Amino acid sequence: MAKNDDNLLKKIVSHAKEYGFVFPSSEIYDGLSATYDYGQNGVELKNNIKQYWWKAMVQLNENIVGLDAAIFMHPTTWKASGHVDAFNDPLIDNKDSKKRYRADVLVEDYLAKIETKITKEVGKAAKRFGEAFNKNEFMRTNARVLGYKEKIAAIEKRMQSAIENQNFDDFKALIEELEIACPVSGSKNWTEVRQFNLMFSTELGSVAGDASTIYLRPETAQGIFVNYLNVQKTGRMKLPFGIAQIGKAFRNEIIARQFIFRMREFEQMEMQFFVKPGEELNWYKAWKKQRMQWHKALGLGNAKYRFHDHLNLAHYANAAADIEFDFPMGFKELEGIHSRTDFDLSAHEKYSGKKLQFFDPQENKNYTPYVVETSIGLDRMFLAVLAASYTEETLEDGSERVVLSLPPALAPTKVAVLPLTKKDGLPDKARAIINELKFDFTTQYDEKDAIGKRYRRQDAIGTPYCVTIDHQTLEDNTVTIRNRDTMAQERVPINKVRETLEKNTSLTDILRKINTP
RNA sequence: GCGGGAGUAGCUCAGCUGGUAGAGCGACAGCCUUCCAAGCUGUAGGUCGCGAGUUCGAACCUCGUCUCCCGCUCCA
């Protein structure tokens with residue numbers, strides 16, 4: 001099964017390239033690692049996905065507004081967000097098992113073991129002393145416990161200083177002195193500790209020397225947080241309210257792979273929802289539900305989605321879950337929903353010295369709002385839609401066709417208008433129809449090759465409808481509409497084409513599904 | 001980054017023990033007119049990922065490099 005799925009991903013990659021959805025970036029120069037460009041059909045599909053998200057967020061919710069923040073941000077932003085520290089992971093490899101670890105995690109695991117020893121000492125003592133046992137007293141006075149505590153403190157201090165001073169030789173020395181072994185191989189044969197900065201940096205200011213280092217944003221969220229007050233004040237927003245943003249983010253991943261699933265330059269669709277402290281977990285649950293509905297409303301198959309609740313929470317979160325999608329390479333994260341508490345706003349208050357609070361007229365007091373975040377990878381969503389839609393069909397006559405069963409509302413081209421032949425004025429009639437439809441729908445005209453071949457071409461790029469002009473059209477102004485998925489044809493008056501397209505290729509019906517409170 | 005595999009036409013691939021490239025599909029132009037890729041004629045497209053070395057001669061051998069795929073890892 002895994003092997004077939006590998007092939008499936010390969011087929012999707014080939015199809016995406018062959019039909020102008022996704023190209024390797026700068027391909028004529030051999031490409032650039034894990035960077036891809038969206039082609040003529042890809043950009044349409046991507047824009048449609050964006051529109052579906054944007055409408056679901058901003059248009060349907062009167063308390064959610066949009067934002068488009070700059071990619072460059074003040075460097076202090078990333079100190080406040082924790083990215084400067086958290087995105088500088090010191091890594092170390094075990095030469096025998098070939099496993100890679102975060103060096104600080106290895107040490108922290110070691111410290112956890114010592115903590116376990118303390119717990120055991122406490123347990124033993126509790127048994128010994130019975131009811132008279134005073135835990136705090138014991139922790140303060142017991143020699144062994146104090147010894148463990150001192151050791152932990154010393155190790156932590158040394159690790160901190162190694163990280164802060166970028167002294168990786170000492171970091172490695174620490175690991176060796178503690179005789180930390182690889183959990184897999186049991187070996188203590190380590191490489192050097194190396195630093196991987198996951199943020200791209202560049203220089204602001206054209207004169208070298210005068211320039212200051214700035215980063216390409218590693219997430220779009222901070223652009224929302226730093227604008228929280230601007231939006232709240234100028235939009236007269238009251239809690240709870242949300243700010244939505246679609247934009248690029250950049251991470252210098254150690255390894256970026258699996259087509260457009262993990263790229264170094266990627267696009268996020270994020271909505272930060274500001275709520276009253278204490279209500280965040282209710283909103284977290286509500287948004288989990290809401291976001292899942294948004295996905296399922298597309299009709300790619302409910303079984304392709306599942307939740308993954310985080311047990312180990314990031315430093316900024318008090319609840320977190322992923323919506324995972326059944327990609328060709330298995331269930332993987334598509335969207336994250338996080339209850340971020342007031343971590344971000346408080347950090348920005350601290351670093352900027354500005355109050356980022358909300359005056360609650362009911363309670364007659366100020367407080368820093370809590371935040372519930374929904375964050376989806378646009379490129380991942382694109383891959384999910386593409387993968388779920390890619391279908392190889394064997395027809396009744398034994399021939400095969402490849403069809404992209406895209407949700408019609410997301411299809412790059414909504415309708416192809418095809419004259420049955422190139423003669424007898426059929427092309428002119430087809431052009432006339434296109435000239436009417438093109439103001440509202442993406443259209444294509446094709447007169448080359450047999451009609452069946454043209455249908456297949458449209459199938460391959462997911463065009464939901466083909467309108468065919470034949471000789472009868474000239475007589476009674478009727479055309480046939482051919483359905484991509486059923487291949488069935490229906491003869492209708494020309495003026496009915498628009499109605500069919502409006503009804504079946506717009507986002508409206510999908511949006512209605514998710515807007516039922 | 002480490003280990004394994006692979007780069008030949010838009011796609012899928014063939015190309016023997018080294019003798020300067022082929023197929024199928026696709027694309028384009030025309031003919032035919034027939035509603036589900038299958039007719040006919042013609043055309044375009046590759047310095048075989050890139051660079052160096054060995055050789056009289058390299059798609060093929062050697063080295064380097066880039067990119068992709070799988071695993072480790074990380075995450076949107």
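Here is how names work: the chains are called A, B, and so on, in the same order as the sequence lines, proteins then strands, and each is numbered from 1. Both backbone and side-chain heavy atoms feed into the values below; hydrogens, waters and symmetry mates do not. Just so we're clear, the structure is a prediction, and the values are computed from it rather than from any experiment.
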message: Can you tell whether the side chains of A:Glu324 and A:Lys332 come within less than 4.0 Å, N to carboxylate O?
response: no
query: How long is the line joining CD1 of A:Ile461 and P of B:A27, in whole Å?
result: 12 Å
message: Looking at B:G26, I'd like to know if its phosphate oxygens (OP1 or OP2) sit under 4.0 Å from a side-chain N or O belonging to A:Arg457.
response: no
statement: Rounded to whole Å, NE2 of A:His15 lies from P of B:U12 at a distance of 12 Å
query: Taking the C1' atom of each, how far is B:G53 from B:G10, in whole Å?
result: 34 Å
query: Taking the same atom, P, in B:A14 and in B:C32, what whole-Å distance lies between them?
result: 41 Å
message: Mind checking if A:Gln489 touches a base, just sugar-phosphate, or nothing, with heavy atoms under 4.0 Å?
response: base
query: Would you say A:Lys422 reaches B:U33's phosphate, i.e. side-chain N/O to OP1/OP2 under 4.0 Å?
result: no
message: Tell me whether A:Glu392 is salt-bridged to A:Arg401, with the criterion being a basic N under 4.0 Å from an acidic carboxylate O.
response: no
- prompt: Do the ring centers of A:Tyr38 and A:Phe382 come within less than 6.0 Å of each other?
  reply: yes
- prompt: Out of B:A38, B:C36, B:C75, which nucleotide sits closest to the side chain of A:Arg380?
  reply: B:C75
- prompt: Taking a pair as Watson-Crick or G-U wobble with both distances under 3.5 Å, which nucleotide is matched to B:C48?
  reply: none
Atom pair distance, as rounded to whole Å: CD in A:Glu335 and P in B:C75: 18 Å
message: Which nucleotide, if any, forms a Watson-Crick or G-U wobble pair with B:C60, using both distances under 3.5 Å?
response: none
Sidechain N-carboxylate O distance under 4.0 Å for A:Asp459, A:Arg482: yes
- prompt: Counting only Watson-Crick or G-U wobble pairs whose two distances fall under 3.5 Å, which nucleotide matches B:C2?
  reply: B:G71
query: Can you check whether A:Lys55 reaches A:Leu60 side chain to side chain, under 4.5 Å on heavy atoms?
result: no
query: Across all strands shown, which nucleotide pairs with B:U34 by Watson-Crick or G-U wobble geometry, both distances under 3.5 Å?
result: none
query: Who is the Watson-Crick or G-U wobble partner of B:A29, with both distances under 3.5 Å?
result: B:U41
- request: Could you give the distance separating B:A23 and B:A9 at their P atoms, to the nearest angstrom?
  value: 14 Å
task: Specify the residue among A:Arg456 and A:Glu219 whose closest nucleotide of RNA chain B lies further upstream toward the 5′ end.
output: A:Arg456
task: Assign A:Phe382 to base, sugar-phosphate, or nothing according to its heavy-atom contacts below 4.0 angstrom with the strands shown.
output: nothing
query: Of the nucleotides B:C35, B:C70, B:A27, which one has an atom closest to the side chain of A:Arg491?
result: B:C35
task: In whole angstrom, give me the gap between the C1' atoms of B:A21 and B:C48.
output: 8 Å
task: Name the nucleic acid region contacted by A:Ala34, choosing base, sugar-phosphate or nothing; use a 4.0 angstrom heavy-atom cut-off, strictly under.
output: sugar-phosphate
Watson-Crick or G-U counterpart of B:G24, or none if no pair lies under 3.5 Å: B:C11
- prompt: Within less than 4.0 Å of OP1 or OP2 of B:U12, is there a side-chain N or O belonging to A:Lys10?
  reply: no
message: Applying a 4.0 Å non-hydrogen cut-off, can you work out what A:Asp459 is touching in the nucleic acid: base, sugar-phosphate, or nothing?
response: nothing
- request: Describe the nucleic acid contact of A:Leu418 in one word from base, sugar-phosphate, nothing, applying a heavy-atom distance below 4.0 Å.
  value: nothing
- line: Separation of B:C74 atom C1' from A:Arg262 atom CZ, nearest Å, is 6 Å
- prompt: Looking across every strand, which nucleic acid part, if any, lies under 4.0 Å from A:Leu420 by heavy atom: base, sugar-phosphate, or nothing?
  reply: base
query: What is the nucleic acid contact for A:Tyr19, judged by heavy atoms within less than 4.0 Å: base, sugar-phosphate only, or nothing?
result: nothing
query: Which of the following nucleotides, B:G10, B:C36, B:A38, is nearest to the side chain of A:Lys17?
result: B:G10
field: Output field: ring centroids A:Tyr305/A:Phe325 closer than 6.0 Å
entry: yes
task: Determine the Euclidean distance between corresponding P atoms of B:U17 and B:G1; express it in Å to zero decimal places.
output: 34 Å
message: Let's test this: given Watson-Crick or G-U wobble pairing with both distances under 3.5 Å, identify the partner of B:G18.
response: none
field: Atom C1', compared across B:A76 and B:U62: separation rounded to whole Å
entry: 44 Å
- prompt: Do any side-chain nitrogens or oxygens of A:Lys248 fall under 4.0 Å of OP1 or OP2 in B:A76?
  reply: no
- prompt: Quick one: A:Lys448 NZ to B:A29 C1', roughly how many Å, whole number?
  reply: 6 Å
- prompt: Is A:Phe266 stacked on the base of B:A76 when the test is centres under 5.5 angstrom and planes under 30 degrees?
  reply: yes
message: Whole angstroms only, please: what is the NZ-P distance between A:Lys453 and B:U33?
response: 18 Å
message: Among B:C69, B:U33, B:C36, which nucleotide has an atom closest to any side-chain atom of A:Thr421?
response: B:U33
query: Which whole number of Å gives the distance between the C1' atom of B:G42 and that of B:U55?
result: 42 Å
query: Which atoms form the tightest heavy-atom contact between A:Pro408 and A:Asn504, and what is the distance?
result: CB-O, 3.3 Å
query: On a plain distance test, is the side chain of A:Arg482 in donor-acceptor contact with the base of B:C36 below 3.5 Å?
result: yes
message: Without decimals, in angstroms, what is the distance between A:Ile481 CD1 and B:C36 P?
response: 18 Å
query: Can you tell me how far C1' in B:U20 sits from the matching atom in B:U8, rounded to whole Å?
result: 14 Å
- prompt: Where each residue is assigned the nucleotide of RNA chain B containing its nearest heavy atom, which of A:Val13 and A:Ile451 is assigned the position nearer the 5′ end?
  reply: A:Ile451
task: May I ask you to verify if any side-chain N or O of A:Ser14 is less than 4.0 angstrom from the OP1 or OP2 atom of B:U12?
output: yes
query: In whole angstrom, what separates A:Asp449's CG from B:A38's C1'?
result: 12 Å
Row check, A:Phe331 ring normal vs A:Arg306 NZ/CZ: under 6.0 Å, within 45°: yes
- prompt: Which nucleotide in the list B:A27, B:C35, B:C75 gets nearest to the side chain of A:Arg251?
  reply: B:C75
message: I'd like to know if A:Lys17 pairs up with A:Glu27 as an ion pair, taking the criterion as any Lys NZ or Arg NE/NH1/NH2 lying under 4.0 Å from an Asp or Glu carboxylate oxygen.
response: yes
